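First up is the structure itself, then whatever we jot down about it.
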Amino acid sequence: MNYWLMKSEPGECSIDDALAMPAATVAWTGVRNYQARNFMRDAMSVGDGVLFYHSSCAEPGIAGLAEVASPPYPDPTQFDAASKYYDASAKPESPRWMLVDVRAIRRTRLVPIAELRAQPELSEMAVLKRGNRLSITPVTAAQWAVIAARLLAP
DNA sequence: GCCAACGTTGGC
DNA sequence: GCCAACGTTGGC
């Protein structure tokens with residue numbers, strides 16, 4: 001079992017949007033970074049824990065808990081000429097972009113990035129590293145435990 | 001809107 | 001394969 005932090009712009013898909021979907025599940029479309037793709041394609045397993053993070057918004061931070069809900073499969077938006085994620089070089093017989101489904105479990109209080117930075121135990125979190133731009137980053141079991149027990153406890 | 005940081009592109 | 005230019009991310 002692994003743990004991940006996945007960024008979503010709430011204007012595109014917030015934790016509440018995800019919870020409102022059938023089975024509270026969304027296909028994680030639109031990732032166009034190879035490192036992030038490789039995490040989904042090669043390293044994720046169904047049931048992995050996910051911190052649902054709101055980015056590029058007024059209050060960036062952890063907004064909910066989720067889990068990986070499918071094996072990897074081709075991102076359908078890469079083949080859709082009408083999509084902003086269209087990739088003309090990707091063909092159905094040779095897909096370039098893979099994704100997983102993510103099932104939202106619950107909304108949490110908003111844990112701002114500044115609060116994460118204030119936790120010494122989280123100083124090595126990939127998402128907090130200087131210059132980080134990855135939309136999907138690994139979370140260690142120890143980091144997950146700190147967040148779950150201290151920051152997200154009722 | 002600013003800007004640091006980093007990924008990608010493409011000429012050579 | 002190098003590397004400058006460009007584009008994107010994302011917090012502030």
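First the proteins, then the strands, lettered A, B, ... as listed; each starts at 1. Hydrogens, waters and symmetry mates play no part in the numbers below; they use all other heavy atoms, side chains included. Note that the structure is predicted; figures quoted are calculated from it, not measured.
- Residues meeting the salt bridge (charged side-chain N to carboxylate O under 4.0 Å, His left out) test with K91(A), sequence neighbours left out: none.
- With sequence neighbours left out, the ring pair (Phe, Tyr, Trp, His ring centres under 6.0 Å) criterion links Y85(A) to no other residue.
- Within the structure, salt bridge (charged side-chain N to carboxylate O under 4.0 Å, His left out) contacts touching residues 19-33 of chain A (residues at least two apart or in different chains) are R32(A)-D75(A).
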Do R109(A) and E115(A) pass the salt bridge (Lys or Arg N to Asp or Glu O under 4.0 Å) test, and can you show the C-alpha distance, the side-chain angles, and the key distance before you say yes or no? CA-CA 12 Å; R109(A) 79 178 177 90; E115(A) 189 172 343; 2.6 Å; yes
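- In summary, contact between chain A and DNA chain B, defined as any nucleotide atom under 4.0 Å from a heavy atom of the protein, begins and ends at dA5(B) to dT8(B) in the 5' to 3' direction.
- Counting only N and O atoms by type, the side chains of W4(A) and D48(A) include a donor and acceptor under 3.5 Å apart.
- For R117(A) and E124(A), the salt-bridge test fails: no basic side-chain N is under 4.0 Å from an acidic carboxylate O.
- Taking the side chain to side chain contact (heavy atoms under 4.5 Å, CB included) definition, one finds that E121(A) meets it with Q119(A), V146(A), R150(A), sequence neighbours left out.
- Non-hydrogen atoms lying under 4.0 Å from DNA chain B are contributed by nothing in residues 54-65 of chain A.
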